[in-house]
Number of protein chains: 2
Amino acid sequence: MASPHRPVVAVSKACALSGDAHLPIYRRLYQALAEQIASGALKPGDSLPAEADLARLYAIAPGTVRRAMEDLAAKGLIDRVHGRGTFVRRPNFDNAMLRFLRFRDADGAVIHPESRIVLRRVIPTPAHLPAKLATVERTVLHMVRHRLWDGAVRLVEDIYLPAHRFGRLLELSPAEIGPLLYPAYERWCGQMVYVIEEELAMIEATDDDAATLGLAPGSLVVSIERVAKDATGCAMEWRLSRAEAKRFRYRVSSDA
Amino acid sequence: MASPHRPVVAVSKACALSGDAHLPIYRRLYQALAEQIASGALKPGDSLPAEADLARLYAIAPGTVRRAMEDLAAKGLIDRVHGRGTFVRRPNFDNAMLRFLRFRDADGAVIHPESRIVLRRVIPTPAHLPAKLATVERTVLHMVRHRLWDGAVRLVEDIYLPAHRFGRLLELSPAEIGPLLYPAYERWCGQMVYVIEEELAMIEATDDDAATLGLAPGSLVVSIERVAKDATGCAMEWRLSRAEAKRFRYRVSSDA
DNA sequence: AAGTGGTCTAGACCACCCG
DNA sequence: GGGTGGTCTAGACCACTTT
C-alpha cells in the first residue's frame, strides 16, 4: 500500500515492486523473488538479502517482507536458517511434487535414480491423448525416458507434451535438460507444474518393457499414469511409467 | 461469541494457555484449539471466536492469534471466511479420505464393497505397534475386516485402535457400525480422522491371505499400510490391508 | 452500521550462528 | 559482538458479509 509518509531514508535505490498493483505487496514481492530464482539471477545456494534489507530496499514493512519469505519457504523455493540467513533451495526430490514416487533398495532406503532420455520426437497426436492432455494440436512431443540405478533400467516412462509449449526441449542437450524434468520445464519452457494426479495399477509387462527392465515375460509391473497441470488446471503433461512391481514403494499423505 | 454451547467468558479475566511453556504462544493456542476440535467440544460447522475475542480471552496480541488461526487453516482444521468468521471444518470422507482406495471391476468402474468384520478383540499391545500408534496402553483393540464384491473376499484388513478410546466398538452390532469405519468412529467414539498417511508395496501373499483371497500361494498382493490421525496429529488408527495386486487401482492427487 | 478476516506498519526482545 | 531469523506486540486501515 502507498504509505502516506514515505521514509526519507537515503537508500541509494528504493526499488518499486512491479506487477499488478491490486495484488498484495507480499504477493508481489513473492513473485519478484520467485522470478529471480526461476530466471537464474538467484542460483541455488545463493543467499537472499536479510529481511530488514529487503524492507528498506522496497520501502515496505519488515512484517510484509516476512510474509513473502514464509510463503516462499512453504513453497519450497528457499530455506530459512535461524541465525545464518535465507538461501535459494537446491532443487531435489524433496520437492512437494516429486515426493510421490519412491523406490526402495534392499534396505528400504530412498533412491535417486539416474535419468536417461532415449527418445525425443514430434508425432501426430495419438487418438487417446486429447482425453488426457489439454491440446487441440495435431502433433505432440513424445519422449521416452529410462531411470536407472544399480546399473540397470528400473523405470520406463513415456511422456507426452503439447508441441507448441515444449518444442524447445528438442533442441537441448541432455545435460541442459538435467535429471529432473519439471525444473527443466520451468527453466526452458516457462511452464510450472502445480498439481499432479496419479493412478496406479498392476499389469503384466509388455514384451518390450520386460526386456528393457530385465524381467521375465509376463511379469507384473506397476503402471503409473500421471497428469501434471499448471496453475490454471490445464493438463500440460501426460506420462505413463512402468516399473517392476516388487521394487515399488509408494507413500502418500492426505495433508500435503 | 454468541455460540449457544460456549460459556460466556468474562473478558476481564484472561485464560491461561496450558502446555509446555517453552513452546511459542501461537503453537500452544493451535494445540488448544485443535484439541477442542479433536475432543468434540468444537464440532464441525461451529464458529470460533473472532480473532480479537481470542486475543482478549488469552491476553495475547491479535497477531499471535492470527498466526495460530492461519496454521489451523493451512492444516485444514478450520475454514476462514472473509467477513463472516472462522468455522470448524468437517473432514469429508467421500472426497478427501476414501478417494485413495479404489478397486476396479471388469470395466474399470468403481466398486463399493461389502464390509464384514470377522474379528473383534482386545489383545496385548504388539511390540511393533507403539512405533506406529500413539498409545502407551498395554492393550489395543484389534479388528479383522473383510471387504467383498462379486461374492468373494477381495481385501483383508487388520485394524488396531487404542482400547480406551475405541472400546465401545466391541459392544456394537455390525449393523450399528455400518459399512464405513470412520463415520462409525465419529458417531460412536467421538473420534474424527483428519489426516491419513499410506504406504504401498507389493509383496508375496502369506498362506493365510492367499487362502482368504482365493489366490495361489505366493501370489503378489498389494500391501497398504495406513496411519489415521486426529486433529492434533495423534495417530489413532493403524491399518494393514492386503489385496490381489492385479485387481488393484489407486488414485491420488497432489491437490488435496 | 457492525463485525469479521485481510493487509500493513513499526517497532520490541530473544535465540541462534559466525567471526 | 554483530547480524540473522523467530516470536510477539499494538495498533492502523481496508474488504467483505451480514443485520
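Quick note: numbers below take in every heavy atom, side chains included, and nothing from hydrogens, waters or symmetry partners. Residue numbers begin at 1 in each chain, while the letters A, B, ... track the order of the sequences.
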query: If each of E51(B) and V65(A) is mapped to the nucleotide of DNA chain C with the nearest heavy atom, which maps nearer the 5' terminus, i.e. the 5' end?
result: E51(B)
query: Starting at the 5' end of DNA chain C, which residue's closest nucleotide do you reach first, I60(A) or G85(B)?
result: G85(B)
message: Side-chain N or O of T86(A) versus OP1/OP2 of dT4(D): is the shortest distance under 4.0 Å?
response: no
query: Closer than 4.0 Å, any side-chain N/O of T64(A) to the OP1 or OP2 of dT7(C)?
result: no
message: Students often mix this up, so state it plainly: with edges at 30° and 60°, are the rings of Y160(B) and W238(B) parallel, tilted or perpendicular?
response: tilted
Tabulated below should be each protein N or O lying under 3.5 Å from an N or O of nucleotides 12-19 of chain C; please produce it.
{"residue": "dA15(C)", "atom": "N3", "partner": "H82(A)", "partner atom": "NE2", "Å": "2.8"}

Rounding to a whole Å, what distance do you find between [X]:[atom1] and [N]:[atom2]?
| X | N | atom1 | atom2 | value |
| --- | --- | --- | --- | --- |
| F87(B) | dG3(C) | CZ | P | 16 Å |
| D79(A) | dG6(D) | CG | P | 11 Å |
| E70(B) | dC8(C) | CD | P | 12 Å |
| Y26(A) | dG6(C) | OH | P | 9 Å |
| Y30(A) | dT7(C) | OH | C1' | 18 Å |
| D71(B) | dT7(D) | CG | C1' | 13 Å |
| R56(B) | dG11(D) | CZ | P | 12 Å |
| M69(A) | dG6(D) | CE | P | 9 Å |

message: Side chains of S241(B) and R226(B): any donor to acceptor distance under 3.5 Å?
response: no
- request: Check the side chains of Y250(B) and E198(B) for a donor-acceptor pair under 3.5 angstrom, ignoring hydrogens and angles.
  value: yes
statement: Quick note, P62(B) side chain, CB onward, closest among dT9(C), dT4(D), dA10(D) is dA10(D)
message: Side chain of I25(A) only, heavy atoms from C-beta on: which candidate in dT9(D), dC8(C), dG5(D) is closest?
response: dC8(C)
- request: Only one of E197(A), E237(A), E225(A) passes salt bridge (Lys or Arg N to Asp or Glu O under 4.0 Å) with K132(A); say which it is.
  value: E225(A)
- prompt: Quick one: salt bridge (charged side-chain N to carboxylate O under 4.0 Å, His left out) partners of E176(A), sequence neighbours excluded?
  reply: none
query: Which part of the nucleic acid, if any, lies within contact of R66(A), taking any heavy atom under 4.0 Å across all strands shown: a base, the sugar-phosphate backbone alone, or nothing?
result: base
query: Do R67(B) and D71(B) meet the salt-bridge criterion of a basic N to acidic O distance under 4.0 Å?
result: yes
- prompt: Under 4.5 Å between any side-chain heavy atoms of M69(B) and R80(B), yes or no?
  reply: yes
